[in-house]
Asks: 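Take a look at this one; I'll ask things after.
Reminder, nothing fancy here: chain letters follow the sequence lines and each chain counts from 1. Note that these values count all heavy atoms, side chains included, but never hydrogens, waters or copies made by symmetry.
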There are 2 protein chains.
Amino acid sequence: MDTAFAPSMIEAPHPRNDLAALPELDIEQLQRHMLVTQRKVRAGQYLYRNGQPFHALYLVHAGFLKTCELTVDGREQVTGFRMRGDLLGVESIGLAVHTCDAVALDDSVIWELAYPPVLNACLHVPELQARLAAALAEEIRRDRAWMLSIATLPAEQRVASFLLDLAARLARLGFSARHFILRMGRADIASFLALKHETVSRALSHLERLGHISVQRREVKLLDVAALRSLVGLPCTVQ
Amino acid sequence: MDTAFAPSMIEAPHPRNDLAALPELDIEQLQRHMLVTQRKVRAGQYLYRNGQPFHALYLVHAGFLKTCELTVDGREQVTGFRMRGDLLGVESIGLAVHTCDAVALDDSVIWELAYPPVLNACLHVPELQARLAAALAEEIRRDRAWMLSIATLPAEQRVASFLLDLAARLARLGFSARHFILRMGRADIASFLALKHETVSRALSHLERLGHISVQRREVKLLDVAALRSLVGLPCTVQ
DNA sequence: ACGCGCCTGTTACGCACCGTTACACGGCGT
DNA sequence: ACGCCGTGTAACGGTGCGTAACAGGCGCGT
């Protein structure tokens with residue numbers, strides 16, 4: 001309870017300078033033009049919830065979160081996992097309230113970008129304006145790629161694809177792509193991949209039996225990236 | 001071949017004034033600030049293709065199109081159907097080339113919004129800037145809603161959900177929501193819903209046998225909207 | 001520290017849904 | 001007329017779901 005607030009992502013293999021790793025939006029630049037405040041969210045807590053007033057965008061500085069859609073009849077769907085450099089809340093631009101949940105899966109540090117000032121500031125700063133539009137477009141492309149995988153790949157290949165995607169994103173942040181800790185449970189992976197958690201378990205076990213990966217609860221090692229890539233229909237270039 | 005270029009969507013039951021129906025972006029306002037040209041695309045032709053240079057956004061004025069993702073290993077996925085008022089090409093903002101295909105399913109009339117001038121113009125026109133960001137966010141929400149349906153609903157309910165969504169969009173444009181013509185084949189519906197075309201056929205037949213709809217090739221009548229809505233877990237309010 | 005209980009993850013097994021294959025029908029263009 | 005494409009129907013089989021039982025961590029308590 002009184003433990004220091006220390007996002008475990010930072011303890012991963014190969015950390016780098018924080019700001020240098022922010023891929024899209026530069027905090028220092030943002031601070032010059034709009035209100036930016038830091039916010040800490042503990043594992044399991046909500047950053048925002050469906051229906052809450054929408055008044056800020058969020059840039060993940062450290063930690064790990066998931067975003068979930070939910071329906072009136074109780075169906076739930078994990079739509080993505082967010083890590084350092086990812087922008088949250090963009091799906092609610094143009095609305096008064098949030099339309100999904102954002103839940104921290106790990107203690108997280110978030111930059112809160114006051115909104116609507118964000119867009120107003122962007123009006124006068126072409127650089128920021130372009131970055132925001134690009135971030136939104138990137139989000140769309142990410143979703144579209146997900147659709148393609150979900151709709152065209154069988155269960156095991158979706159899991160392989162998920163691991164490769166996660167590895168690539170971690171690598172971009174300076175972490176090891178071959179050896180990492182899953183921050184989410186099997187149920188969250190299953191929801192994200194439109195499967196059931198048992199199916200995810202089976203797929204992981206099978207990939208391990210094939211010698212492509214090594215899994216021990218949430219610890220994952222990618223042993224044969226080329227094999228995984230060819231499995232999901234990507235060129236076998238070594239990452 | 002020499003038939004007049006007449007988008008058949010305009011011939012549907014209850015047309016309205018064109019500009020009044022454009023939900024997001026107003027052509028007259030756009031013309032004041034950037035280069036806008038009209039473009040016609042015949043059924044079956046591409047508006048743009050994956051890999052082509054990206055230099056414009058497209059606003060559908062009349063007709064009907066689909067957008068498809070595709071992979072190096074030949075998988076294809078319909079990611080959406082676009083009609084009047086929908087903005088195309090936004091997924092490529094920030095890139096030099098298009099990342100998906102846009103194919104006309106019906107003779108279509110498109111406003112071509114020269115890009116990058118679009119964003120530059122938006123910089124000086126808060127109204128346009130807000131509209132573009134809102135259009136991108138709307139696109140994300142649309143994709144997320146699709147993810148939720150695909151991942152949580154069985155085949156028949158996906159088909160019902162698809163029909164209801166299509167009906168709602170047509171209604172917003174002033175067309176009949178109860179009686180319309182599908183502009184796409186079963187295979188395109190199947191791809192969009194992550195099913196096979198036989199399954200779509202079965203689902204449509206079954207919904208007809210239940211008395212909820214009436215189907216004759218591409219002609220669809222929604223006979224019991226309340227039943228369809230309750231089927232997919234939505235409140236039964238009559239549309 | 002130790003054990004207890006709960007939660008997460010793993011595996012097995014039967015079954016249902018949906019994909020696969022095959023074929024028939026009808027419209028349309030050549 | 002012919003062939004082709006899009007569509008509908010049916011039988012069959014496989015992938016992945018549902019239930020269940022079990023194993024192993026982890027937090028919690030004493």
Side-chain angles (χ1 to χ4, degrees), chain A residues 1-3 8 42-44 66 75-78 103 105-107 149-163 181-210 213-220 231-232, chain B residues 1-3 8 42-44 66 75-78 103 105-106 149-163 181-210 213-220 231:
Chain A
M1 201 62 98
D2 281 314
T3 58
S8 56
R42 292 203 170 270
K66 67 173 177 179
R75 285 177 290 142
E76 186 185 318
Q77 169 65 19
V78 174
V103 187
L105 294 174
D106 198 357
D107 290 349
S149 294
I150 294 320
T152 63
L153 294 178
E156 185 174 307
Q157 297 177 30
R158 287 185 217 177
V159 173
S161 174
F162 169 73
L163 292 177
I181 307 291
L182 297 173
R183 294 313 201 282
M184 73 298 284
R186 298 292 188 266
D188 282 332
I189 299 175
S191 171
F192 182 60
L193 298 178
L195 298 169
K196 296 299 161 187
H197 65 95
E198 300 93 328
T199 306
V200 173
S201 265
R202 268 189 302 247
L204 287 171
S205 300
H206 189 230
L207 288 174
E208 184 167 40
R209 235 174 296 129
L210 290 174
I213 65 173
S214 147
V215 188
Q216 209 123 11
R217 291 188 66 81
R218 299 196 175 185
E219 182 179 1
V220 174
L231 198 62
V232 302
Chain B
M1 201 60 101
D2 281 312
T3 58
S8 57
R42 291 204 170 268
K66 67 173 178 181
R75 284 176 290 142
E76 186 186 319
Q77 169 65 17
V78 174
V103 187
L105 295 174
D106 197 357
S149 294
I150 295 320
T152 63
L153 294 179
E156 185 173 307
Q157 298 177 30
R158 287 185 216 175
V159 173
S161 174
F162 168 73
L163 293 177
I181 308 293
L182 296 173
R183 294 312 201 280
M184 73 298 282
R186 298 289 187 267
D188 282 333
I189 300 175
S191 171
F192 182 62
L193 297 178
L195 298 169
K196 297 296 162 185
H197 66 93
E198 297 91 334
T199 306
V200 174
S201 267
R202 265 191 303 238
L204 287 173
S205 300
H206 189 230
L207 288 174
E208 183 167 41
R209 232 174 297 128
L210 290 174
I213 65 173
S214 147
V215 188
Q216 210 122 15
R217 293 189 64 83
R218 297 195 176 188
E219 182 179 2
V220 175
L231 198 62

Asks: Using five pairs at either end of the helix from C:dA1-D:dT30 to C:dT30-D:dA1, determine the angle between the two local helix axes and round it to 10 degrees.
Replies: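 For the helix from C:dA1-D:dT30 to C:dT30-D:dA1, the axes at opposite ends meet at about 40°.
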Asks: Separation of A:Glu219 atom CD from D:dG24 atom C1', in whole Å?
Replies: 15 Å
Asks: Could you tell me which residues satisfy side-chain contact (heavy atoms from CB on, under 4.5 Å) with B:Glu198, sequence neighbours excluded, listed by chain and number?
Replies: B:Lys196
Asks: Starting at atom CZ of B:Arg218, determine the distance to atom P of D:dG8, rounded to an integer number of angstrom.
Replies: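 Going from B:Arg218 (CZ) to D:dG8 (P), I get 10 Å.
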Asks: Given atom CG of A:Leu182 and atom C1' of D:dG25, what is their separation to the nearest angstrom?
Replies: 16 Å
Asks: Rounded to whole Å, please give me the gap between CG in B:Leu207 and C1' in D:dG8.
Replies: 15 Å
Asks: With distance as the sole test, does A:Ser161 use its side chain to make a donor-acceptor pair with the main-chain N or O of A:Val232 at under 3.5 Å?
Replies: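 No, the answer is negative, given that no donor and acceptor are paired below the 3.5 Å cut-off.
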Asks: Only counting residues at least two apart or in another chain, list the ones meeting side-chain hydrogen bond (donor to acceptor under 3.5 Å, both in side chains) with A:Arg202.
Replies: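 side-chain hydrogen bond (donor to acceptor under 3.5 Å, both in side chains) check on A:Arg202 returns A:Thr199.
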Asks: Do A:Leu182 and A:Val215 make a side-chain contact, defined as non-hydrogen atoms from C-beta onward lying under 4.5 Å apart?
Replies: no
Asks: Tell me every residue that passes side-chain hydrogen bond (donor to acceptor under 3.5 Å, both in side chains) with B:Glu219, counting only those two or more places apart in sequence or in another chain.
Replies: B:His179
Asks: Using the salt bridge (Lys or Arg N to Asp or Glu O under 4.0 Å) rule, collect all pairs that involve residues 149-162 of chain B, keeping only residues at least two apart or in two chains.
Replies: none
Asks: In Å and rounded to the nearest 0.5 Å, what is the CG to CD distance from B:Leu204 to B:Gln216?
Replies: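 Answer for the CG-CD pair, B:Leu204 versus B:Gln216, is 12.5 Å.
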Asks: Hey, where on DNA chain C does chain A first and last touch, going 5' to 3'? Cut-off is any atom under 4.0 Å from a heavy atom.
Replies: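 Boundary nucleotides touching chain A, in 5' to 3' order, are C:dT8 to C:dC13.
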Asks: Between D:dG25, D:dG8, D:dG6, which one does the side chain of B:Arg186 approach most closely?
Replies: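 Selected nucleotide (nearest to the side chain): D:dG8.
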Asks: Under the salt bridge (charged side-chain N to carboxylate O under 4.0 Å, His left out) rule, collect the residues that match up with B:Arg75, sequence neighbours excluded.
Replies: B:Asp73
Asks: Base, sugar-phosphate or nothing for A:Arg158? Non-hydrogen atoms, less than 4.0 Å.
Replies: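 Nothing, no nucleic acid heavy atom in range.
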Asks: Who passes side-chain hydrogen bond (donor to acceptor under 3.5 Å, both in side chains) against A:Arg218, sequence neighbours left out?
Replies: none
Asks: Who pairs with B:Ser205 by side-chain contact (heavy atoms from CB on, under 4.5 Å), at least two apart in sequence or on another chain?
Replies: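 Scan of B:Ser205 (side-chain contact (heavy atoms from CB on, under 4.5 Å), adjacent residues dropped) gives B:Arg209.
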Asks: Partners of B:Ser201 by side-chain hydrogen bond (donor to acceptor under 3.5 Å, both in side chains), sequence neighbours excluded?
Replies: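 If we apply the side-chain hydrogen bond (donor to acceptor under 3.5 Å, both in side chains) test to B:Ser201, skipping adjacent residues, there are no hits.
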Asks: Short of 4.0 Å, heavy atom to strand atom, which residues of residues 189-204 of chain B count as contacting DNA chain C?
Replies: B:Ala194, B:Leu195, B:Lys196, B:Glu198, B:Thr199, B:Arg202
